[in-house]
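Take a look at the structure below.
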Amino acid sequence: MRIIKNILLFQKKIFFISYAISILIGIFFGGGLKTIGLSFICIAPFTQYFFYEAKHKNQYYYYYNLGISRLILWGSTFVIGLVNVLILISV
Amino acid sequence: MSKLHIDSVTKTYNHKVILSDIYMSCKTGEVKGLVGRNGSGKSTLLKIVFGSVNPESKFVKIGSKVIKSISDTRCLINYLPQDNFLPNNTSVKSLINLFLPKENRTIVLENEYIKPILNKRNRDLSGGEKRIVEILLIIHSKAKFVLLDEPFNGLSPIAREYIGNYIKTRKSSKGYIITDHDYENVMNLADSLVYLKNGFLKEINDKRELVELGYITKTIDGNRDD
């Protein structure tokens with residue numbers, strides 16, 4: 001449970017920024033929910049990844065000390081993005 | 001009693017050998033001091049043991065468990081990096097609850113240094129306060145071995161003394177490897193000392209050896225080396 005809570009802590013930090021980026025990209029490329037959803041999974045995570053690497057790289061150690069690897073952190077981002085795409089496509 | 005066994009650690013950067021076939025061990029209840037000049041590879045060695053830096057070769061084992069990656073270190077090894085590593089927008093109280101197992105939270109929540117800053121966000125803390133929070137979280141984690149990379153960095157003399165005594169009184173349950181440029185504090189704390197130079201580790205039996213090795217200019221007793 002503690003591991004899940006900590007993954008959510010990581011997601012909380014990047015979720016709203018990812019949404020903001022996705023909506024901006026979505027609006028730029030036509031404004032559809034599908035476009036927003038696709039950018040949420042295809043573009044936002046990569047933007048976030050490079051932003052996190054540049055600004056908060058040392059915070060990885062917080063998660064490493066809990067046994068949570070980089071792969072798990074960004075894998076969970078991808079899964080959340082996928083769920084968002086499915087929700088937005090089905091709307 | 002557990003033993004952290006570190007063997008065959010080799011690391012090169014740009015064709016320069018930083019660590020050459022390093023061997024080191026640490027037992028539960030032991031504090032091992034790791035000293036060396038800037039850039040000698042102390043932090044790199046700790047990161048390799050922890051699993052966050054990949055070496056050319058390494059063999060790290062705790063008991064019968066071989067540590068190959070970060071995921072293997074869970075509940076076995078924790079690492080305190082030199083720079084602040086806690087998420088910024090989270091309160092100290094939340095960090096304690098999120099990071100520590102239930103049974104270890106109360107002692108930190110009631111700590112004299114932590115109590116006044118419990119509701120502050122990590123980003124609003126001073127450098128010294130951040131360091132104390134980080135050290136206490138690492139010390140009270142479930143890990144059997146902790147690697148402290150410059151723990152006294154940014155701490156006031158009184159806080160350094162407090163942390164030193166804190167580790168001494170709690171060392172029976174964990175093994176510690178500590179590196180810091182405040183060598184006097186490391187020497188006072190460590191049961192044994194190793195010196196890293198030119199990629200090799202050397203056991204230090206007498207503090208005067210550090211003078212001969214060019215790490216310090218005089219012994220801590222104040223005797224100048226002639």
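Convention: sequence-line order gives letters A, B, ...; per-chain numbering from 1. Not measured: the values here are computed from a predicted model.
The salt bridge (Lys or Arg N to Asp or Glu O under 4.0 Å) test applied to Lys11(B) returns no partner, not counting sequence neighbours. For Asp180(B), the salt bridge (Lys or Arg N to Asp or Glu O under 4.0 Å) criterion is met by no residue, not counting sequence neighbours.
Screening Phe50(B), Phe85(B), Tyr79(B) for a side-chain contact (heavy atoms from CB on, under 4.5 Å) involving Tyr64(A) leaves a single residue, Phe50(B).
In this structure, the portions of Asn88(B) lying under 4.5 Å from any heavy atom of chain A include both its backbone and its side chain. At a 4.5 Å heavy-atom cutoff, the contact between Ser71(B) and chain A is made by backbone and side-chain atoms alike. For Pro81(B), the part sitting under 4.5 Å from any heavy atom of chain A is the side chain, from C-beta outward, and nothing else. Heavy atoms of Leu9(A) lying under 4.5 Å from chain B belong exclusively to its side chain. Using a 4.5 Å cut-off between heavy atoms, Tyr60(A) does not touch chain B at all. With a 4.5 Å cut-off on non-hydrogen atoms, Ser69(B) does not touch chain A at all.
Annotation for Leu71(A): atom CG does not count as buried by contact number, only 12 or fewer foreign heavy atoms lying within 6.0 Å. Within 6.0 Å of the CZ atom in Phe59(B), the count of heavy atoms belonging to other residues, nucleotides or ligands exceeds 12. Heavy-atom contacts from other residues, nucleotides or ligands closer than 6.0 Å to NZ of Lys171(B) number more than 12. The number of heavy atoms from other shown groups lying within 6.0 Å of CD (Glu161(B)) does not exceed 12. Within 6.0 Å of OH in Tyr23(B) there are more than 12 heavy atoms belonging to other residues, nucleotides or ligands. For Arg170(B), the CZ atom counts as densely surrounded, since its 6.0 Å shell holds more than 12 non-hydrogen atoms of other residues, nucleotides or ligands.
Here the CD1-CZ distance, from Ile70(B) to Arg70(A), works out to 9.0 Å after rounding to the nearest 0.5 Å.
Between Ile3(A) and Arg74(B) there is a side-chain heavy-atom pair separated by less than 4.5 Å.
Asn78(B) and Asn65(A) form a side-chain donor-acceptor contact under 3.5 Å, judged by distance and modelled atom types alone.
When Ile77(B), Asp83(B), Leu80(B) are compared by the number of non-hydrogen pairs under 4.5 Å with chain A, Asp83(B) comes out ahead. In terms of heavy-atom pairs under 4.5 Å with chain A, the best-connected choice from Thr73(B), Leu76(B), Leu86(B) is Leu86(B).
Ring-centre distance between Phe99(B) and Tyr62(A): below the 6.0 Å cut-off.
Minimum interatomic distance between Leu100(B) and Arg2(A) (heavy atoms only, all atoms of both residues): O-CD, 3.5 Å.
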